[in-house]
Structures are given as C-alpha cells and as structure tokens.
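Data first, discussion second: the structure below is written as structure tokens.
Note on naming: letters A, B, ... go to the chains in the order of the sequence lines (proteins, then strands), and numbering restarts at 1 for each one.
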2 protein chains.
Amino acid sequence: MRRINVALGERSYPIVIGSGILEGIAGLCAEAGFPVRSPLLIVSDSAVAPLYLSELEERLKAGGYTVVSHIIPAGEASKSLTVYEEVMTTAISAGLDRSSAVLALGGGVVGDLAGFVAATYMRGIGFMQIPTTILAHDSSVGGKVAVNHPLAKNMIGAFYQPKMVVYDLNTLLSLPPRQVRSGLAEVLKHGLILDRDFAYWCREHAAELLALDPEALGYALERGCAIKADVVGEDEREHGLRAILNLGHTIGHAVEAVGGYGTFLHGEAISIGMAGSALLAAKLGRSRSLYEETVSLLGALELPTRLPAEYGEEEIIEAMMHDKKFKEGRITFIVPDEIGAVSIVNGVEESAVREVIRQLKEEGSPW
Amino acid sequence: MRRINVALGERSYPIVIGSGILEGIAGLCAEAGFPVRSPLLIVSDSAVAPLYLSELEERLKAGGYTVVSHIIPAGEASKSLTVYEEVMTTAISAGLDRSSAVLALGGGVVGDLAGFVAATYMRGIGFMQIPTTILAHDSSVGGKVAVNHPLAKNMIGAFYQPKMVVYDLNTLLSLPPRQVRSGLAEVLKHGLILDRDFAYWCREHAAELLALDPEALGYALERGCAIKADVVGEDEREHGLRAILNLGHTIGHAVEAVGGYGTFLHGEAISIGMAGSALLAAKLGRSRSLYEETVSLLGALELPTRLPAEYGEEEIIEAMMHDKKFKEGRITFIVPDEIGAVSIVNGVEESAVREVIRQLKEEGSPW
C-alpha cells in the first residue's frame, strides 16, 4: 500500500493507494475519524454504482457502520444545484449528524458534487474520496469542490479537504482505454510541470501504464498525487503558484467548449492544450525542441496533439475570452521552460495565441 | 466610533459601531480590502432596501465602486436554495470576480443568505455584514451562514467570516418597539452567560435601551458583540464551548416551532427559554433566587417569561426532540449557575424538562 501525505496543517490528510484496499474500507473510515454511531452517506453514479457500490456498502456494514447511498445519473449534468438538493434531502432523511461523513465513489463529477454536499451539510461534515478513474487523481487532491450554475461551470463551490483519499487500483481495471489515456494526460501533466524524471519515466513505462499494470500505475498515481499535493500545500486557495497546475487548460477548456463537452475527453483536450503551450513557448524564445519533446511524451501515451481542421480559430478565441478573459488583448498563460519546469507568463498577445491555434491544426499527431 | 476585533487568526475582522457611519462606507470597503476594480453585490430585502439601499449605492459609487443590488422578499422564506440560486445568477451576470465582495444590508435572514452566497461564489469571495436590526448583532458575529432545506432550518451552510461588520446605529431608529425588545433579549443573553456586570447594566439602562439612546445602544452592542466574539474566538467551529451561546434556545426554538414562526419573535421565545433554563437550574440545585433575578432582568426589557397556557406540553417536547434529540430520554441543556455564568449539563431528564414547561405556564410574566 502506498501513502502520500497532503500537508495542509490541521487539514492534512493521507492518500492511500493500492490494489484491493477497499476490502479494508471500514478500518480506513475509522482511521479517518468517522465514528460508527453516525450514518455514512455514499454518493455514486449510475455507471460506477453497479460495479462497486454493493461491495462497499457490505464492507462498511460489516465494520459496524450505518450506510445510506444516493446514486446520481452519470455525467456532468448531475453537477447541478437540483441534484445537490436531492442529495441533501437524502442526507437529512437518513439522519446524518455533525459527526457523519460523505463518501464519494466515482470520478470527478461525483467527487465535486459529494464534496460540496460534505462542505455545506450542517456547515461541514467529514468527506472521503474514493476515485474510480485515473483522471480523478487530479481532482481528488486539492479540495476544490463545486457544482455548475447554468451560466458557468464550477461557479458554486468551496475549498474543502477530504479526511482521506482511498485509491483502489482494482476499480481502474474496468476503465475503457480512451478513459485510461485521458487520465494519464493529467498524470503526465504533473511531470511536465515539476518533475522531468517522472515525465520521462511515463514515456519509458507507457506500455505498462496503458495496460494498467498495478505496479506502474500505483507509482504513477503516487507521483502525480504527490506533485499536486506539493503545489496545493504551498497555495491551498489558489492565490498564485497553484495556477501552474493549469498547464494546457486555457486552450484545453476552449477546445472542450467548442467541440461540445464529450467530443474530446478532458485529458485529450488538455493534451492538445499542452502541445499548444509548448508551441507558444517557442514563440517566447524557448527552444523548438521543447515542443518536439512534449509531443513525443504525449504521443507515447497515445494522446492527441493536433487540433482537428474543423475547429474555428475565432470560436476558440471566443471560448477562451469567455473562460479567462483577455485583458486589453492580452492573456495569462502557463508556458513550459523545459520538460519539468513552467512559468506563469502574463500579457501574452492575442496574435501569438492565434498563431498557435493555426499551428496546432498542422503539427502534432491526431492519434 | 466603537471598534471590536473578532480574533480568529488570519480570519480576524473588526466590528465597527457608530451613528451615521454608513456615510463612510466606501472607505470602510477599502479598509476591508475590496478593490474598486471588482464589482460589489449588495443583498438586501424588501423591507430594508427602500430605507437605506439607494444611499448605500450612491456612497459606494461616489467612492469609485461598481455596484449591483439584489433585493429578496423580506422573511425567512427567502433563506431557500431557490433564492440562493437567483442571487448567484445576479452575481454571475454582473461579472463578480474572485476579488469581489457581497454586502449584506439587513437582518439575520439577509446576512445568512448573502453570507452563504459569499462563501460559495467562485469558492469564496469577500463578505461584509451591515446589520439593520439589534438581533443581527448576534448572527453577524461568528461566521454561521446558511439557507434552509424544506426538511430543516439552517441545514445547508458554512462557517464563513466577514471581512468587516459595519453597524450604523441610525439604521436601528426605525425598528418597531417589539423588534427592539426582541433584539435586546440576545444582547442581555450575552450578559447572562458571561458578564454579570453587563447583565445588571442592561437593567439599569433599560429605559435608554428601549428608547434607542445611541450612547446606551452603542455600548450594549459593543459588549454583546465582544462577549460573543470571545466565545467564537475560542471555538470557531462549535466543537464545544460555543454551545453556551444557546442559553434559552432549546426551549425557545420549540416555542417558535409550536407557535408557528412569527407568533413569538425570536428574542421573545428565547426570553421564555432563558426563564425556563433558570427554572431547570433550581431543579438541579441552584438557588431559586437565580430564577427570580433572571425574570427581573428580562422583565426590565419588557420581555415575556411566561408560556401561554395554550402551548401543549407534548408538542413542545416533540419539537425539542426534533430539534436536538433526546438520547435515551435525556437531553443536553445550557443551565445558569449564577447571573453571568452557565454550565453545559448533559443528561437532563425528560421529566425535569416537562416540569419546567408546566411551571413556565404558571410563573413569570407574559408582558
């Protein structure tokens, strides 16, 4: 079993990673400080619940816990205030008290929604993340929880840390290959930002990672979580440094928005975005070989680095303006300096971003 | 101008009290750290907005701020997720950003709702309380913000501290006398809990307080806020000590629930509740004179200490069970030891509480 400590003073918590560790979930809940006398609420979704929910419930009950479950429809649409209120209704009806906890069994949507419930039920109760996707290694560290408003994503939320993250690698074995690759994009991102050796390690072990080899995957998630935990430990509430975690996200979010959410998976979109950041880096004076290395590392994980021709430059720029806003024709970008190091660059010119978008349609690989 | 510091480490904030201080609101917002480049959102209600909103808006605009206002219907029904989402829509449409702030202009309902918006808009932005009732001196200190769920009051919320509380005594001059008395009940409560001298000071200056004399009222609010701030500073998230602030509230909430909210005002109901706690104290061995003193102090502020005959013992007990829950026929009570000192007493027998309810119908004064 691997353990990482997310160091946030009195809000510190462990991430536990291993194969089959959900068998010991009752003990982990006890370690997290959840008393057996207070009911637990499991939030899961219609895709994950059929696979793992009943085992989880049984193990908790065997450990003496009272458990109630709420299953939401799979997909981003469940991150709404309406579904949030429904989960609250379940929590109140089940008699959750101030010592109770919410367990999020699923990916990012479940984690974000369940975390916001935990953050705001009776002004905050216990919270545990049980991620069942690789992508969620990212969202399960850092304490960002939220629901969407019809006018904007993630607009309603809180910073709220879990008491523990429990990562059972067995729950990843049933992921479709495209989801695996998408998740690995965020893993590699952490290497590209802060850990050159780990970035190259990912390329070297790409075959094992894509095949979900437990040893390789366990190590990759440990490093990915540890790097993110370091950044979050320095800047919990995103006042500055934490922005480096957005490498590839400015272009990536715009690609997702223009394509319609779901055309590209999140990791695929930020893979294209990271290739774009490296192209931008070349314009700002970094070596062109940095772009080539970036594409090679992403390509090893079979991730796309080319923007399809049908994506309009104007639409991408407009989506970017909606997301982060250009200020007087300039925008802030996270730009690689080398593999494993990035800078926050203010005042990038719109014309440079437009050139990058055009180049992204011609270079790289579509996969 | 009077100033009290609520000492909560990096979440510390000042309470500023004085007559006419809203004239300087733009300067106070600057002191609170709200930049002029980010829009401010004022939340007020249909009762308060006609009196003070346009002046507040004008003063802020004169100070260089962009301001948008959202007016909710006066009354507890506005503390709903529906109204919360409407306020969020206003905030997003007005382009509030992470440096923006929400100003709550009104009583407890406005403060609770606006505070929960501030706590959760973009994961938390600035917040200022501008209370316009005496009662709100209590809710504006301590950082409890919340909305109601159809199944239970204040079930959805957070602990979220304002950057500043601005108490303009001029906004209290238009309060109806019954609201004044109700508010003074919470002021006196703080004396009954922790400050004997202040409790007797309230009786001595009852006529001035009831007449809203600025000097007396300013001092009373300063002491009330300071006592509450001390308790909250010791126990921000209500793990223990903070429970003493609930003196009179176990019976008081039940009286409100049985009578229907609005039959008794909150301060009137807790006045009856505080009389009840003193009766309970006598049963637990404290002197009977403690009850008589308590009734005398409450009576000086023209507050009721008798429960009307039509209130059923069974209904009161049932409402209490719903609120706090008896565990195996026992309940926790805040019980006075003397004027200015209380204990948290666990395991009070239901039979003793029933006796108190019967006595409350026979003793004290209805006003």
Side-chain angles (χ1 to χ4, degrees), chain A residues 9-11 33 37-38 80-100 112 115-125 142-161 236-240 242-243 322 324-325 327, chain B residues 9-11 37-38 80-100 112 115-125 142-161 236-240 242-243 321-322 324-325 327:
Chain A
E10 60 182 13
R11 292 183 298 286
R37 67 172 184 281
S38 296
S80 69
L81 275 179
T82 306
V83 174
Y84 166 79
E85 184 166 12
E86 289 165 4
V87 179
M88 283 288 180
T89 303
T90 299
I92 297 170
S93 305
L96 264 73
D97 60 39
R98 292 175 59 182
S99 304
S100 287
D112 282 4
F116 190 51
V117 169
T120 54
Y121 182 79
M122 297 180 107
R123 301 194 178 88
I125 60 173
K144 282 190 177 182
V145 297
V147 297
N148 299 327
H149 184 281
L151 295 178
K153 285 186 67 172
N154 291 324
M155 199 52 96
I156 299 175
F159 288 97
Y160 198 71
Q161 305 298 340
E236 184 178 4
R237 296 182 75 90
E238 202 166 26
H239 294 303
R242 191 163 169 168
H322 187 80
K324 299 279 171 178
K325 294 197 182 97
K327 276 183 190 159
Chain B
E10 60 182 15
R11 291 183 299 285
R37 67 172 185 281
S38 297
S80 70
L81 275 180
T82 306
V83 175
Y84 165 78
E85 185 167 13
E86 288 165 3
V87 179
M88 282 288 180
T89 303
T90 299
I92 296 170
S93 304
L96 265 72
D97 60 39
R98 293 175 59 180
S99 303
S100 288
D112 282 4
F116 190 50
V117 169
T120 54
Y121 182 79
M122 297 181 107
R123 301 194 177 90
I125 60 173
K144 282 190 177 182
V145 297
V147 296
N148 299 327
H149 184 282
L151 295 177
K153 284 185 69 171
N154 291 324
M155 199 52 95
I156 299 175
F159 288 98
Y160 198 72
Q161 305 298 341
E236 186 178 2
R237 296 183 74 91
E238 202 165 27
H239 294 304
R242 190 163 170 168
M321 288 181 66
H322 188 78
K324 299 279 171 178
K325 294 197 182 97
K327 276 185 190 159

Quick one: which residue pairs count as a salt bridge (charged side-chain N to carboxylate O under 4.0 Å, His left out) with a foot in residues 88-98 of chain B, not counting sequence neighbours? A:Glu238-B:Arg98

Indicate every side-chain donor-acceptor pair of residues 80-87 of chain A with a distance under 3.5 Å to a residue at least two apart or in another chain.
residue : atom : partner  : partner atom : Å
A:Ser80 : OG   : A:Thr82  : N            : 3.4
A:Ser80 : OG   : A:Val83  : N            : 3.1
A:Tyr84 : OH   : A:Thr120 : OG1          : 2.6

Could you go step by step and tell me if A:Arg123 and B:Lys144 meet the side-chain contact (heavy atoms from CB on, under 4.5 Å) rule? CA-CA 8 Å; A:Arg123 301 194 178 88; B:Lys144 282 190 177 182; 3.6 Å; yes

With chain A as the partner, which of B:Met155, B:Met122, B:Arg237 has the greatest number of non-hydrogen pairs under 4.5 Å?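 Greatest number of close heavy-atom pairs with chain A: B:Met155.
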
Measure A:Val117 against the heavy atoms of chain B and call it side chain, backbone, both or neither at under 4.5 Å.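 It is neither, since no heavy atom gets under 4.5 Å.
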
